Amino acid sequence: MVTRTQLSALGLFDAKVPRYTSYPTAPHFSPEVGPEHFSQWIAEVPPGGEISLYVHVPFCRRLCWFCACRTQGTQSDAPVRAYLRTLLAELRLLKAHLPAGVHLSRLHWGGGTPTLLAPDMMEELAQAIFEVAPLGPAGEFSVEIDPNEIDAARLDALVAMGLTRASIGVQDFDPAVQETIGRLQSFEVTRAACDMLRARGVASLNADILYGLPHQTTARITDSVQKLLSLGPDRVALYGYAHVPWMARRQALIPEAALPSPEARLDLFETARRLFLWDGYDEIGIDHFAARHDGLAEARRMGRLRRNFQGYTDDTSEVLIGVGASSISRFPQGYSQNAPSTGKHTGALRQARFSTVRGHVFSDEDRLRGRMIEALMCDFRIDAEEMAARFGLDAAGFARRVAPLRQRFGALVQVSETEVFVPVESRPLTRIMARTLDAYDLSRAGHSSAV
């Protein structure tokens with residue numbers, strides 16, 4: 001049994017570590033990667049191949065104080081329609097560079113609030129995307145849905161365009177917590193949105209819920225989780241709130257004195273975790289849960305679980321293209337990121353060029369360490385045989401790279417010549433263990449609490 005004293009000594013309650021949705025992480029991206037890299041990497045997608053597409057809509061009717069995403073508030077549709085014109089231009093440019101016959105394994109609209117698009121805008125955007133690449137036979141089309149910003153007409157438009165999975169942000173149902181984070185969203189409004197989705201045949205429902213919020217207690221998070229479970233989500237992300245007001249200025253509106261201590265954060269996480277497990281959900285990695293019929297649970301069982309900028313995924317496509325301001329793309333060659341501001345992003349597209357402003361070209365060592373970290377985060381296991389087959393890593397090289405794990409964590413992690421394995425009781429330390437495998441300078445800002 002791992003004690004709280006051991007967890008504390010190893011940095012669980014005070015270390016700032018990446019979430020490792022990429023490797024290297026975004027703070028290490030460089031302006032040396034520009035539009036020419038992005039254009040070349042798109043052109044090198046195999047003809048008839050498979051890609052994933054992420055579309056970023058950086059607008060909200062209201063700005064939630066807890067959120068650190070790149071968004072801007074608007075009460076008018078005018079800037080949204082102008083931004084749509086930019087997205088359509090970007091998609092036309094993408095189509096001109098992409099080889100023939102490519103199809104989509106996944107399509108995801110995120111934000112911001114994609115559901116503030118009017119029905120005609122949704123239809124126009126979806127049609128433009130499918131002209132670039134149609135959804136493959138087993139493809140999924142998912143959209144982040146704000147229950148406060150959805151109605152029958154917009155849901156009808158999404159379903160008509162092929163929506164297969166909806167992702168609903170919950171965060172917490174307690175009114176006192178909601179008031180403090182600037183996110184008023186009743187259980188009744190959320191349930192109505194879920195009912196509308198189910199009535200239209202949307203079979204897959206994701207939900208996000210946060211722990212570590214101000215005024216959260218084990219009793220309050222228990223109530224929120226039980227209400228969420230009554231909605232029958234197929235997949236749940238249980239994320240820790242990251243309080244980074246130096247990066248997201250709106251978080252300065254949240255009183256730090258009301259935030260739970262790191263030890264209390266762990267209690268909140270464990271409380272929610274037990275409730276999901278008691279309700280029959282499979283535990284997926286460090287912060288996701290899925291019903292056994294869900295694709296994420298199947299991917300975990302089959303060893304096909306992956307991690308990307310949206311968290312855990314069952315998408316095995318090697319190419320993820322991000323469309324829209326600030327979007328990040330991943331290719332076998334490296335990462336690229338669009339200009340964060342909508343103005344600069346639009347300006348580039350008006351000149352018929354991509355807005356890539358930074359990124360990273362993978363080295364062989366990046367690919368190796370990135371896969372080791374992904375395997376640890378997804379499977380709690382690093383297999384020496386896989387590393388040898390994929391990267392030519394010999395026994396001495398494997399031993400050298402995993403030696404720091406044994407040195408720092410001792411009996412809390414099992415390290416042998418053939419594998420690294422993290423026992424269940426040590427898994428709260430997984431991100432700190434992944435950090436041990438990270439070859440980059442970790443003093444960069446932007447990392448969050450390890451718990």
Side-chain angles (χ1 to χ4, degrees), residues 21-22 26 29 33-35 37-39 41-42 51-61 63 67-74 77-98 104 106-118 120-133 135 141-146 149 154 158 161 163 167 169 308-311 315 317 319-331 335-359:
T21 54
S22 69
F29 291 1
V33 171
H37 292 85
F38 186 68
S39 299
W41 294 345
I42 293 171
I51 66 170
S52 296
L53 195 72
Y54 170 79
V55 180
H56 188 62
V57 180
F59 295 96
C60 295
R61 295 296 183 210
L63 295 177
C67 182
C69 297
R70 287 193 174 275
T71 60
Q72 57 195 78
T74 179
D77 280 351
V80 184
R81 288 191 178 275
Y83 181 74
L84 176 60
R85 303 271 76 77
T86 297
L87 291 179
L88 298 178
E90 188 175 4
L91 289 165
R92 287 192 296 270
L93 191 59
L94 177 61
K95 183 180 180 180
H97 285 77
L98 198 64
L104 298 177
R106 297 289 187 276
L107 170 61
H108 184 75
W109 295 2
T113 308
T115 50
L116 59 69
L117 294 172
D120 66 297
M121 289 191 272
M122 291 177 171
E123 293 168 359
E124 191 172 9
L125 178 57
Q127 288 169 357
I129 290 168
F130 296 139
E131 287 177 8
V132 175
L135 205 61
F141 174 21
S142 58
V143 175
E144 294 174 14
I145 290 177
D146 180 352
E149 190 65 43
R154 283 177 282 186
L158 287 172
M161 291 296 104
L163 180 71
S167 182
N308 65 16
F309 292 105
Q310 279 79 57
D315 180 23
S317 174
V319 176
L320 168 63
I321 296 178
V323 173
S326 81
S327 290
I328 300 176
S329 300
R330 186 194 189 282
F331 297 88
Y335 295 114
S336 66
Q337 184 172 17
N338 291 344
S341 80
T342 55
K344 290 183 179 180
H345 180 66
T346 297
L349 270 302
R350 283 177 177 166
Q351 298 176 28
R353 61 179 178 84
F354 294 111
S355 78
T356 311
V357 291
R358 65 179 193 143

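A quick note: this is a predicted structure, and the numbers were derived from the prediction, not measured. Along the sequence shown, the residues carry numbers beginning at 1.
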Under the salt bridge (Lys or Arg N to Asp or Glu O under 4.0 Å) rule, collect the residues that match up with R330, sequence neighbours excluded. none
Just to verify, what does W109 make a ring-ring contact (aromatic ring centres under 6.0 Å, His included) with, not counting sequence neighbours? F141
Side-chain heavy atoms of Y54 within contact of I328, under 4.5 Å: no
Sorted by chain and residue number, the ring-ring contact (aromatic ring centres under 6.0 Å, His included) partners of H345 (sequence neighbours excluded) come out as none
Do the non-hydrogen side-chain atoms of L91 and L125 ever get within less than 4.5 Å of each other? yes
Under the side chain to side chain donor-acceptor pair (under 3.5 Å) test, residues paired with R350 that sit two or more places apart: none
Using only heavy-atom distances, determine whether the side chains of N338 and E90 contain a donor-acceptor pair under 3.5 Å. yes
Answer yes or no: is there a donor N or O on one side and an acceptor on the other, between the side chain of T21 and the main chain of G311, under 3.5 Å? no
Side chain to side chain donor-acceptor pair (under 3.5 Å) partners of S317, counting only residues at least two apart: none
All side-chain contact (heavy atoms from CB on, under 4.5 Å) counterparts of T71, not counting sequence neighbours: C60, L63, C69, R250
Would you sort out whether L94 and L53 count as a side-chain contact (heavy atoms from CB on, under 4.5 Å), showing the intermediate values? CA-CA 11 Å; L94 177 61; L53 195 72; 4.1 Å; yes
Quick one: list whatever passes side chain to side chain donor-acceptor pair (under 3.5 Å) with N308, sequence neighbours left out. none
dist F38:CZ -> I321:CD1 (nearest 0.5 Å) comes out at 5.5 Å
Could you walk me through whether H108 and Q310 pass the side-chain contact (heavy atoms from CB on, under 4.5 Å) check? CA-CA 9 Å; H108 184 75; Q310 279 79 57; 4.2 Å; yes
Can you tell me how far apart CG (L107) and OG (S52) are? Round to the nearest 0.5 Å. 9.0 Å
Test of understanding: with ring-ring contact (aromatic ring centres under 6.0 Å, His included), list the residues that count as partners of F130, not counting sequence neighbours. none
Qualifying residues under side chain to side chain donor-acceptor pair (under 3.5 Å), relative to S326, sequence neighbours excluded: none
Quick one: does T115's side chain have a donor or acceptor within less than 3.5 Å of a partner on E149's backbone? yes
Which residues pass the salt bridge (Lys or Arg N to Asp or Glu O under 4.0 Å) test with E131, not counting sequence neighbours? none
Taking only distance into account, with no hydrogens and no angle test, what donor-acceptor pairs under 3.5 Å do side-chain atoms of residues 79-87 form with protein atoms, sequence neighbours excluded?
{"residue": "R81", "atom": "NH1", "partner": "D120", "partner atom": "OD2", "Å": "3.0"}
{"residue": "R81", "atom": "NH2", "partner": "D120", "partner atom": "OD1", "Å": "3.2"}
{"residue": "R81", "atom": "NH2", "partner": "D120", "partner atom": "OD2", "Å": "3.4"}
{"residue": "Y83", "atom": "OH", "partner": "H56", "partner atom": "O", "Å": "2.6"}
{"residue": "Y83", "atom": "OH", "partner": "A325", "partner atom": "N", "Å": "3.1"}
{"residue": "R85", "atom": "NH2", "partner": "E124", "partner atom": "OE1", "Å": "3.2"}
{"residue": "R85", "atom": "NH2", "partner": "E124", "partner atom": "OE2", "Å": "2.6"}
{"residue": "T86", "atom": "OG1", "partner": "T346", "partner atom": "OG1", "Å": "3.1"}

Over all atoms of both residues, closest heavy-atom pair of V357 and P340: CG2-CD, 4.1 Å
For G112 and E144, which heavy atoms make the closest approach, and how far apart are they? O-OE1, 4.4 Å
Contact summary for R154 and L116, nearest pair of heavy atoms: NH1-CA, 3.7 Å
Worked check of side-chain contact (heavy atoms from CB on, under 4.5 Å) between L98 and I51: CA-CA 10 Å; L98 198 64; I51 66 170; 4.1 Å; yes
Under the salt bridge (Lys or Arg N to Asp or Glu O under 4.0 Å) rule, collect the residues that match up with R358, sequence neighbours excluded. none
Any side-chain heavy atom of T113 sitting closer than 4.5 Å to one from R61? no
Is the shortest side-chain heavy-atom distance between L88 and R92 below 4.5 Å? yes
Might you point out which heavy atoms bring V33 and S336 nearest each other, and give the distance in Å? CG1-CB, 4.3 Å
Heavy-atom side-chain contact between V323 and I129 under 4.5 Å: no
When rounded to the nearest 0.5 angstrom, what distance separates NZ in K344 from CG in L349? 15.0 Å
Validation row: T342, Q72 side chains within 4.5 angstrom (heavy atoms): yes
What distance do S22 atom OG and L320 atom CG have between them, rounded to the nearest 0.5 Å? 11.5 Å
